Engineer: 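This is the structure I have questions about; it appears just below.
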Amino acid sequence: MQNDLQNMFQAVDDSSWDGYKQSLKQALEAGEAAGISHHLMERAASFAGEYLAQKVEPDLPENRALKELWQVADNKEKRTIASLVVKLAKKS
């Protein structure tokens, strides 16, 4: 299951903020079409946030802000951030 969640976020475009939101929206739509629950998508977003915070140096101000928020957040706050990112992407 974790591999499925990882794969869902691998194609996310991080070259621009709008590209990031649009490609994340497409990944979420693909996940929904595959029957992945909203809860699991939020878990995937949490996984992606953790991975990005540890492995990727942000080049966009928005990504830098998200990374800094992620780094100071506790686990409950990280789940909230992930949930908000999912909502933001769906709205795009």
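The structure presented is a predicted model; accordingly, all values stated were derived computationally and were not measured. The figures here come from the full heavy-atom set of this structure, side chains too, leaving out hydrogens, waters and symmetry mates.
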Engineer: Taking C-beta and beyond as the side chain, do Glu32 and Lys90 meet within less than 4.5 Å on heavy atoms?
Structural biologist: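 Side chain of Glu32 against side chain of Lys90, heavy atoms only: contact under 4.5 Å found.
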
Engineer: Does the Glu77 side chain pair with the main chain of Asp74, one donor and one acceptor, at a distance under 3.5 Å?
Structural biologist: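 At least one qualifying donor-acceptor pair exists.
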
Engineer: What I want to find out is whether Arg64 reaches Glu57 closely enough, with some N-O distance under 4.0 Å, to be called a salt bridge.
Structural biologist: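 No.
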
Engineer: Are Leu84 and Leu88 linked, directly or through intermediate hydrophobic residues, by side-chain heavy-atom contacts shorter than 4.5 Å (ILVMFWY only)?
Structural biologist: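 They do not share one cluster, since no chain of ILVMFWY contacts under 4.5 Å joins Leu88 to Leu84.
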
Engineer: Mind checking the CG-CD spacing from Leu66 to Glu62? Nearest 0.5 Å is all I need.
Structural biologist: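 One finds 8.5 Å between CG of Leu66 and CD of Glu62.
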
Engineer: Hey, could you give me the CZ/CD1 distance between Arg43 and Ile36, rounded to the nearest 0.5 Å?
Structural biologist: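 So the gap between those two atoms works out to 11.0 Å.
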
Engineer: To the nearest 0.5 Å, how far apart are NE2 in His38 and CG in Leu28?
Structural biologist: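 The distance works out to 9.0 Å.
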
Engineer: Mind checking the CG-CD spacing from Asn75 to Glu50? Nearest 0.5 Å is all I need.
Structural biologist: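 The distance works out to 8.0 Å.
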
Engineer: Between Ser83 and Arg79, is there a donor-acceptor pair closer than 3.5 Å when you use the side chain of the first and the backbone of the second?
Structural biologist: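 No; zero donor-acceptor contacts below 3.5 Å.
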
Engineer: Looking only at heavy atoms, what is the nearest atom pair of Trp70 and Ser46, with distance?
Structural biologist: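 So the minimum-distance heavy-atom pair works out to CZ2-O, 3.4 Å.
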
Engineer: Does Glu42 come within less than 4.0 Å of Lys78, counting only side-chain N to carboxylate O?
Structural biologist: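 Salt bridge absent between Glu42 and Lys78.
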
